[in-house]
Q: 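To start, I am sharing the structure in question, which I have written as structure tokens.
The chains referred to below are lettered A, B, ... by the order of the sequence lines, with proteins before strands, and numbering in each begins at 1. Note: hydrogens, waters and symmetry copies are ignored here, and every other heavy atom, side chains too, is used.
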Number of protein chains: 2
Amino acid sequence: MAVFEEIAALDRLIHEPARLAILTALSACHSADFLFLQRLTGLTKGNLSSHLSKLEEAGLVKIEKQFVGKVPNTQASLTARGRAAIERHWQRLETLRSDAQRWKPS
Amino acid sequence: MAVFEEIAALDRLIHEPARLAILTALSACHSADFLFLQRLTGLTKGNLSSHLSKLEEAGLVKIEKQFVGKVPNTQASLTARGRAAIERHWQRLETLRSDAQRWKPS
DNA sequence: GAAGACTAGTTTGTAATGCAAACCTAATTA
DNA sequence: TAATTAGGTTTGCATTACAAACTAGTCTTC
């Protein structure tokens, strides 16, 4: 597949800005609770919640709910697949960009 | 704004895979006709058409329709703003990635 | 010269998306 | 005990992105 085709076919689950931010943040944090993640990404609770659910369904993120004292607390972390996927996505972007720069019309 | 917030706030008009592909292809081609662009990106005519319209409305792409002999022909090229925008977007991605890699939880 | 096929797109219909606002449950504060 | 805050989830809606259907005109073939 040619470079521009590959760009057009990027996985939107990961590429979408909010989820790209979540996954990238988690890859730097190892584990983060809901509110910390919300502050980091600037997302509203509603959006963060639904994006996390989507990432969890896709098997990229693990969600663990616990009580800290009496207060519910949600921890999110990357699964092995999630970690691989976000790393690969950034690498792909880098590669695609440089391939595109080298490309000449034929 | 912190790095993950910036990722989450990436301009979706440009970031969307199909349009990222179109803009990137145009930045390498200087000018391209509809069918050439379609082959490059692998998009269907319908999608290419509507994405081009959206990019034109946003002032990133210039569309010129002409007749080549008797056959209608559509040429697309980047406007100055479009060229700046796609270049800046890729640079931002690069910067954001490396900022994210350097980032440590505080 | 009419029927069909092809070219070069645009418009339409629909399902999925992302967002914010409303909602929920429990804990804390006044 | 009434209001406020914490920590989220669900709902409703407007926007999207896609493919399929359509349009307008050209070329081929008989």
Q: Yes or no on salt bridge (Lys or Arg N to Asp or Glu O under 4.0 Å) for A/Glu56 and A/Lys62, after CA distance, side-chain angles and deciding distance?
A: CA-CA 6 Å; A/Glu56 187 186 20; A/Lys62 186 174 59 170; over 6 Å; no

Q: Using atom CD of A/Gln75 as one end and atom P of D/dG8 as the other, report the distance to the nearest whole Å.
A: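 In whole Å, D/dG8 P lies 9 Å from A/Gln75 CD.
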
Q: Tell me: CG of B/Leu13 to P of D/dT15, nearest whole Å?
A: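 To the nearest whole Å, that distance equals 15 Å.
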
Q: Report the distance from atom CD of B/Glu16 to atom P of D/dT15, rounded to the nearest whole Å.
A: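 That distance rounds to 17 Å.
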
Q: Hey, are B/Arg12 and A/Glu16 close enough for a salt bridge, meaning a charged N less than 4.0 Å from a carboxylate O?
A: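 Yes, charged N to carboxylate O under 4.0 Å.
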
Q: Donor-acceptor pair, distance only, cut-off 3.5 Å: does the side chain of B/Ser49 make one with the backbone of B/Gly46?
A: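 Not confirmed, B/Ser49 side chain does not pair with B/Gly46 backbone.
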
Q: Rounded to whole Å, please give me the gap between CG in B/Leu43 and C1' in D/dA19.
A: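 Rounded to the whole Å, the gap is 12 Å.
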
Q: If I take atom CZ in residue A/Phe67 and atom P in nucleotide C/dT28, what distance separates them, rounded to the nearest angstrom?
A: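 For the pair A/Phe67 CZ and C/dT28 P, the rounded distance is 12 Å.
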
Q: If each of A/Ala8 and A/Pro72 is mapped to the nucleotide of DNA chain D with the nearest heavy atom, which maps nearer the 5' terminus, i.e. the 5' end?
A: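 It is A/Pro72, whose closest nucleotide lies nearer the 5' terminus.
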
Q: Grab the NZ-C1' distance between B/Lys70 and C/dA8 for me, whole Å please.
A: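 So the NZ-C1' distance, B/Lys70 to C/dA8, works out to 17 Å.
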
Q: Select base, sugar-phosphate, or nothing to describe what B/Leu35 touches, counting heavy atoms under 4.0 Å on all strands.
A: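 Here B/Leu35 touches the backbone only, sparing every base.
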
Q: Would you mind reading off the distance between B/Ile14 atom CD1 and D/dA17 atom P, rounded to a whole angstrom?
A: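 Those two atoms, CD1 and P, are 13 Å apart.
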
Q: Quick check on contacts: within residues 44-65 of chain B, what sits under 4.0 Å from DNA chain D by heavy-atom distance?
A: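 B/Thr44, B/Gly46, B/Asn47, B/His51, B/Lys54 - these, ordered by number, are the residues of the stretch whose heavy atoms sit under 4.0 Å from the strand.
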
Q: Parallel, tilted or perpendicular: which describes the rings of B/His15 and B/His89, with under 30° parallel and over 60° perpendicular?
A: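 Plane angle between 30° and 60°, so tilted.
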
Q: If we ignore hydrogens and angles and just use 3.5 Å, is the side chain of A/Arg19 paired with the main-chain N or O of A/Leu13 as donor and acceptor?
A: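 A pair under 3.5 Å: yes.
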
Q: D/dA17, OP1 or OP2 - any side-chain N/O from B/Arg12 closer than 4.0 Å?
A: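 The answer is no; no side-chain N or O of B/Arg12 sits under 4.0 Å from OP1 or OP2.
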
Q: To the nearest angstrom, how far is A/Leu37 atom CG from D/dT9 atom P?
A: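 These atoms are roughly 12 Å apart.
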
Q: Checking A/Thr24 side chain against A/Ala21 main chain: does a donor-acceptor pair fall under 3.5 Å?
A: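 Checked: no pair found.
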
Q: Distance check: side-chain N/O of A/Arg19 vs OP1/OP2 of C/dG18, anything under 4.0 Å?
A: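 Checking C/dG18 against A/Arg19, a side-chain N or O does come within under 4.0 Å of OP1 or OP2.
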
Q: Checking contacts here: which listed nucleotide (C/dG9, D/dG8, C/dC19) is nearest the side-chain heavy atoms of A/Ala18?
A: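 That would be C/dC19.
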
Q: Check B/Glu87 with B/Arg92, please: is the shortest side-chain N to carboxylate O separation under 4.0 Å?
A: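 Looking at B/Glu87 together with B/Arg92, the answer is no, because their closest N to O distance does not fall below 4.0 Å.
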
